[in-house]
Amino acid sequence: MNEAATVEPARSDRRLQALGLAVFLVGAASIAGILLGSAALITFYGWTPFTSIVTALRTDTAAVVAIGSMSAGLGAVAGGYVLYRRMPTKRSRERSIAGAVLGVQTLVLGAFFLWYRAETVERFTFHFFSFEKLEGYGGAFIRGAKNTMFLAVVGEAGGIVIGLLLAMLVISKRRSVRAPARVYINFFRGTPLLFQLIAGYTALIFGLGIGVSPLAAGALIFALNMGAYSAEVFRAGIQSVERGQLEAARSLGMTYVQSMRYAVVPQAVRRVIPPLMNEFVILIKDTSLIGVIGLTQAQFEIFAFARQGYSSTFNATFFTAAAVAYLAVTLPSIYLVNRLERRLRSGLVGVAG
């Protein structure tokens with residue numbers, strides 16, 4: 001009798017866990033249905049010309065896909081609300097909640113989709129998804145991506161070198177050593193990057209009489225700007241290393257410079273890698289500002305290419321292409337930053353501090 005009484009609750013728990021998994025799968029299927037279903041339908045009709053996209057989204061099939069996905073999403077919401085308190089384990093509760101959340105997202109997305117296909121599909125699609133307008137711009141687009149990466153990589157590399165040197169000055173005990181570095185950092189952090197590009201390029205060309213291309217001037221100014229932010233990152237990283245590390249190195253007979261080089265800075269570098277990579281992602285986007293100092297067509301970066309395309313065609317699809325290009329570069333970088341942060345928290349932090 002006792003054995004039967006034990007088996008029955010176990011079976012009930014397994015059934016509830018299975019229901020929690022079912023709620024999650026239904027929620028995931030609902031949002032996948034509206035996204036992948038719409039994409040598959042457009043692919044069937046064709047992504048070009050833009051009228052093919054309009055035709056695909058206005059078909060009864062598109063409406064059925066949206067309504068069906070919303071129905072499944074509503075079921076996931078109801079199931080998650082009813083079941084999550086009864087779940088026997090934390091994992092099954094999280095599954096039911098996740099399924100309900102995905103269901104809510106499907107309802108919101110489906111409602112927007114139905115409104116979009118009924119009201120603004122033709123006008124919006126023409127202005128932002130006329131991919132046929134991009135034909136013949138492939139070479140310019142690739143060149144723009146290369147120039148964007150050139151500006152970002154040179155700016156980041158130069159900024160790291162400048163920032164590390166400034167950080168060493170800022171942490172000095174002598175005010176006369178700290179003051180110039182602090183003035184530099186406050187200036188570049190306290191003024192807009194747009195101002196720095198215009199004023200810096202003007203100073204190079206007219207003030208100093210240095211004949212330099214806008215692309216090279218932009219890379220230099222990005223490096224100077226990045227140096228100020230990197231300096232604060234390095235300063236925080238160096239000061240986060242226990243002072244006992246420096247004292248231990250000095251007790252072994254090392255000079256201050258040797259102690260910083262061999263004991264403190266290597267540990268600090270591990271800690272500043274994620275924030276430096278975050279700054280790199282920001283810098284990739286900031287390269288779009290270089291257009292204010294004037295670029296030749298061969299020097300166009302991604303946004304300048306998009307702006308020229310829009311000026312030539314009066315169609316904003318070029319901005320859509322630019323957004324995809326920026327995401328293609330920044331999303332892998334963001335993913336790498338997140339992985340590095342997890343590794344540092346789980347393992348390297350123990351080594352570094």
Side-chain angles (χ1 to χ4, degrees), residues 14-122 124-125 127-131 134 317 319-339 342:
R14 286 197 295 269
R15 284 196 294 268
L16 287 173
Q17 292 180 33
L19 287 173
L21 177 60
V23 169
F24 171 74
L25 293 177
V26 170
S30 66
I31 196 165
I34 195 169
L35 292 174
L36 300 180
S38 300
L41 192 61
I42 294 173
T43 302
F44 177 77
Y45 278 84
W47 289 85
T48 57
F50 83 96
T51 51
S52 298
I53 301 177
V54 175
T55 301
L57 296 181
R58 281 185 170 170
T59 59
D60 293 338
T61 304
V64 169
V65 169
I67 294 172
S69 297
M70 293 174 69
S71 300
L74 184 61
V77 172
Y81 177 77
V82 171
L83 294 173
Y84 86 98
R85 292 185 183 274
R86 300 169 54 191
M87 291 297 163
T89 64
K90 180 179 179 180
R91 184 179 183 183
S92 57
R93 283 194 296 272
E94 290 300 321
R95 282 176 172 174
S96 61
I97 293 173
V101 170
L102 290 172
V104 171
Q105 293 171 357
T106 302
L107 292 174
V108 174
L109 186 61
F112 173 79
F113 176 81
L114 291 176
W115 170 82
Y116 172 74
R117 68 183 294 274
E119 297 294 333
T120 64
V121 60
E122 187 168 2
F124 192 89
T125 303
H127 284 291
F128 287 92
F129 297 106
S130 295
F131 296 112
L134 301 177
T317 304
F319 294 133
T320 303
V324 172
Y326 281 121
L327 289 173
V329 176
T330 56
L331 289 181
S333 301
I334 293 171
Y335 172 76
L336 183 58
V337 169
N338 293 335
R339 285 201 60 184
R342 286 194 295 270

(request) Heavy atoms only: give me the nearest Phe129-Phe124 pair and the separation to one decimal. (result) CE1-CE2, 3.5 Å
(request) Taking all non-hydrogen atoms of both residues into account, name the closest pair between Ser96 and Met87 and its distance. (result) OG-CG, 4.2 Å
(request) Give, for atom CZ of Phe50 and atom CZ of Phe128, the distance between the pair rounded to the nearest 0.5 Å. (result) 13.5 Å
(message) How long is the straight-line distance from CD of Glu122 back to OG1 of Thr55, given to the nearest 0.5 Å?
(response) 9.0 Å
(request) Verify whether one side chain among Tyr116 and Thr125 offers a donor that lies under 3.5 Å from an acceptor in the other. (result) yes
(request) Would you mind reporting whether Tyr45 and Leu57 have side-chain heavy atoms less than 4.5 Å apart? (result) no
(request) Work out which heavy atom in Leu83 is nearest to a heavy atom in Val23; give both atom names and the distance. (result) CD1-CG2, 4.0 Å
(message) Using the rule side-chain contact (heavy atoms from CB on, under 4.5 Å), only one of Val65, Thr59, Ile53 pairs with Leu41; which is it?
(response) Thr59
(message) Between Thr317 and Ser130 (side chain of the first, backbone of the second, donor and acceptor by atom type, cut-off under 3.5 Å), is there such a pair?
(response) yes
(message) Could you check whether any side-chain N or O of Thr106 sits under 3.5 Å from a backbone N or O of Gly73, counting only pairs where one atom can act as donor and the other as acceptor?
(response) no
(message) Donor-acceptor pair, distance only, cut-off 3.5 Å: does the side chain of Thr48 make one with the backbone of Phe131?
(response) no
(request) First locate atom CG of Leu74, then atom OG of Ser30, and finally report the distance between them rounded to the nearest 0.5 Å. (result) 10.0 Å
(message) Within this structure, what is the CG-OG distance for the pair Leu327 and Ser333, rounded to the nearest 0.5 Å?
(response) 11.5 Å
(message) Surrounding CZ of Arg58 (heavy atoms of other residues, nucleotides or ligands, distance under 6.0 Å), is the total greater than 12?
(response) yes
(request) Give, for atom CD1 of Ile31 and atom CG of Leu36, the distance between the pair rounded to the nearest 0.5 Å. (result) 10.0 Å
(request) Kindly give the heavy-atom pair with the smallest separation between Gly20 and Arg95, and that separation in Å. (result) O-CB, 3.8 Å
(request) Kindly determine whether Val108 and Gln105 satisfy side chain to side chain contact (heavy atoms under 4.5 Å, CB included), including the steps that lead there. (result) CA-CA 5 Å; Val108 174; Gln105 293 171 357; 5.9 Å; no
(request) Could you pull out the closest heavy-atom pair between Arg117 and Ala62, with the gap in Å? (result) NE-CB, 4.4 Å
(message) Return the CG to CD1 distance between Leu102 and Ile97, rounded to the nearest 0.5 Å.
(response) 12.0 Å
(request) For residues Ala98 and Phe24, report the shortest heavy-atom separation together with the two atoms involved. (result) CB-CD1, 3.8 Å
(message) Can you confirm whether Leu114 sits close enough to Met70 that some side-chain heavy atom of one is under 4.5 Å from a side-chain heavy atom of the other?
(response) yes
